Structure formats: structure tokens, C-alpha cells
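Let me begin by presenting the structure, written as C-alpha cells, before commenting on it.
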Amino acid sequence: MFPFDTTKPVVGEASVLINQPSTDIFIFIGERFFENYPKWALEVTQFQPLNGLTVFVGAKAEQLRRDQGQEIKSVFEITEFHPFIKLTFKGLTAPYQNTYYLEPAASGATLLTFSFALLELELFMRPFEKLIRSAIEEGAENTVENIKKLLSDDIEAYHNLGA
């Protein structure tokens, strides 16, 4: 019996408060996911929706990511699409899952929580679990901050057009 459980997920999560209603944020993250995902996932170097730009449960995309100097190609599928609340996709060719969850907060703001789960970790990687978890948590923080900045830039550009 090995002292490591290879099926125990390694999860990182981060939240950020965004001063916009959840409906607007979900349109950006959920409904326009295939257009906007590469904008906030800066490690994605190539991205191709496989079923068009419409987001629905079962829609697939292929991505090429550059993580820690390595290129990793994977196909993922949208597994949950609950407008204005939640979007989840899961790797089909690699064991990961991403979830974006929106909660209305005070004064019309929204709490965006992003989680990334590495669903399996190969046995030889288990001794590095803390290091991997730290990298995943840092990536989750970067993701929510990138989304917040993009949304704030979008609002600013919109207001500048009207001025």
C-alpha cells in the first residue's frame, strides 16, 4: 500500500469582489466564454472551440497552455452551465476541472469564486503536492484578478465611448 492517494484532488480556489452585477459578469465569463477565456487565461497560447462559440453543456474546446515552461495540450467539455450562477468545465484528455461561481453581494457587487482542481496526481508527483497546490492557488488568484481587470477595462472603455 502506497502512503499517497493518487485519486485525491489537488484544489486551489480564489475569490474576488467585483463591483458589477452577476448578470453582467456571467455574460462575460459564461455566455461569451469561448471568446473571452483566452483573455484572462494568459497561459493559453492556442485555443479552439470545437462546437462554435455558443456555450452549452457538452460544448468542447481544445487548448494549448504553457505552464512552467511546458506546453500542455488538452480538450475540455462544459459540464455545468447555470446562467448567472455557475460555469464548470472538465478536462477530457487530462484530469482537471475549472469552476466559476458567482454570488450576489451587497450594493450590486458580485463575489466571483474560481476553483481549479487537478483531479488526479501521478504517484511520482505526490511528494510535490504542496508545491503543486501552491502553484494552483497562485494561478487561481491570477485568474480572478485578470477577470476583474478585464471587466473594469470593459466598463471604462464603454464609458469612454459614450463621453
Side-chain angles (χ1 to χ4, degrees), residues 9-68 70-105 107-120 132-133 135-162:
V10 179
V11 180
E13 183 175 285
S15 296
V16 67
L17 191 63
I18 302 174
N19 289 321
Q20 293 185 40
S22 59
T23 52
D24 293 352
I25 296 170
F26 192 83
I27 288 169
F28 183 80
I29 293 172
E31 291 179 9
R32 296 185 182 150
F33 175 78
F34 290 130
E35 299 165 56
N36 292 328
Y37 174 66
K39 295 176 185 175
W40 73 73
L42 303 178
E43 61 284 348
V44 173
T45 58
Q46 293 178 16
F47 182 71
Q48 180 64 47
L50 300 177
N51 307 100
L53 294 178
T54 303
V55 179
F56 57 90
V57 172
K60 295 175 180 69
E62 182 177 73
Q63 65 180 344
L64 182 64
R65 301 171 63 93
R66 179 171 284 284
D67 285 323
Q68 308 293 324
Q70 290 190 329
E71 287 192 333
I72 303 161
K73 189 175 192 177
S74 69
V75 175
F76 63 81
E77 177 179 41
I78 304 293
T79 56
E80 290 182 271
F81 184 75
H82 303 289
F84 314 116
I85 299 169
K86 187 177 187 182
L87 171 72
T88 301
F89 64 87
K90 188 173 182 179
L92 297 177
T93 57
Y96 63 88
Q97 179 173 293
N98 290 9
T99 300
Y100 303 84
Y101 180 70
L102 303 171
E103 280 182 273
S107 303
T110 302
L111 183 66
L112 167 64
T113 300
F114 168 74
S115 72
F116 175 86
L118 190 54
L119 301 174
E120 294 176 18
I132 293 166
R133 184 180 320 281
I136 289 172
E137 288 170 355
E138 181 180 333
E141 288 288 340
N142 290 340
T143 295
V144 294
E145 290 300 327
N146 288 346
I147 291 170
K148 182 176 182 175
K149 183 179 182 335
L150 286 166
L151 284 164
S152 123
D153 290 350
D154 265 9
I155 292 292
E156 191 173 310
Y158 175 78
H159 289 302
N160 288 340
L161 286 175

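Excluded from the calculations below are hydrogen atoms, water molecules and symmetry mates; all remaining heavy atoms, backbone and side chain alike, are included. Quick note: residue numbers are just sequence positions, from 1. Fair warning: this is a prediction, and the values are worked out from it, not measured in the lab.
For an aromatic pair to be called close, the ring centres must be under 6.0 Å apart, and F81 with F33 fails this. The aromatic ring centres of W40 and F114 sit 6.0 Å or more apart.
The distance from the CG atom of L112 to the CD1 atom of I25 is 6.5 Å, given to the nearest 0.5 Å. If you take OG1 on T110 and NZ on K148, they are separated by 11.5 Å, rounding to the nearest 0.5 Å. To the nearest 0.5 Å, atom CG of residue L151 and atom CD1 of residue I29 are 6.5 Å apart. Atom OG of S115 is separated from atom CD of E137 by 11.5 Å, given to the nearest 0.5 angstrom. Here the CD-OH distance, from E80 to Y101, works out to 11.0 Å after rounding to the nearest 0.5 Å. A distance of 13.5 Å separates CD in E141 from CD1 in I136, rounded to the nearest 0.5 Å.
For CD of E71, the number of neighbouring non-hydrogen atoms (other residues, nucleotides, ligands) closer than 6.0 Å is greater than 12.
Contact between T54 and A59 at its shortest, heavy atoms only, is O-CB, 4.1 Å. Shortest non-hydrogen contact noted between A109 and L17 is CB-CD1, 4.0 Å. Between G58 and E77, the shortest heavy-atom contact is CA-OE2, 3.4 Å. Scanning all heavy atoms of the two residues, the minimum distance from F26 to I85 falls at CD1-N, 3.9 Å. Heavy-atom minimum distance, G30 versus V55: O-CG2, 3.2 Å. Scanning all heavy atoms of the two residues, the minimum distance from K73 to T93 falls at O-OG1, 4.3 Å.
The closest side-chain heavy-atom distance from L53 to E35 is below 4.5 Å. Side-chain contact between S74 and Q63 is present, with heavy atoms from C-beta onward closer than 4.5 Å. Counting only heavy atoms from C-beta outward, the side chains of I78 and F34 approach each other to under 4.5 Å. Q46 has its side chain out of reach of Q48: every pair of non-hydrogen atoms, C-beta onward, lies at least 4.5 Å apart. Counting heavy atoms from C-beta on, the side chains of T143 and N98 never come closer than 4.5 Å.
Paired with T99 under the rule side-chain hydrogen bond (donor to acceptor under 3.5 Å, both in side chains), one option of T79, T88, T113 passes, and it is T88.
Ring pair F47/F76 is parallel by interplanar angle, where below 30° counts as parallel and above 60° as perpendicular.
By the 4.0 Å N-to-carboxylate-O rule, E43 lies too far from R66 to be salt-bridged with it.
With hydrogens and angles disregarded, a donor-acceptor distance shorter than 3.5 Å links the side chain of N36 to the backbone of F28.
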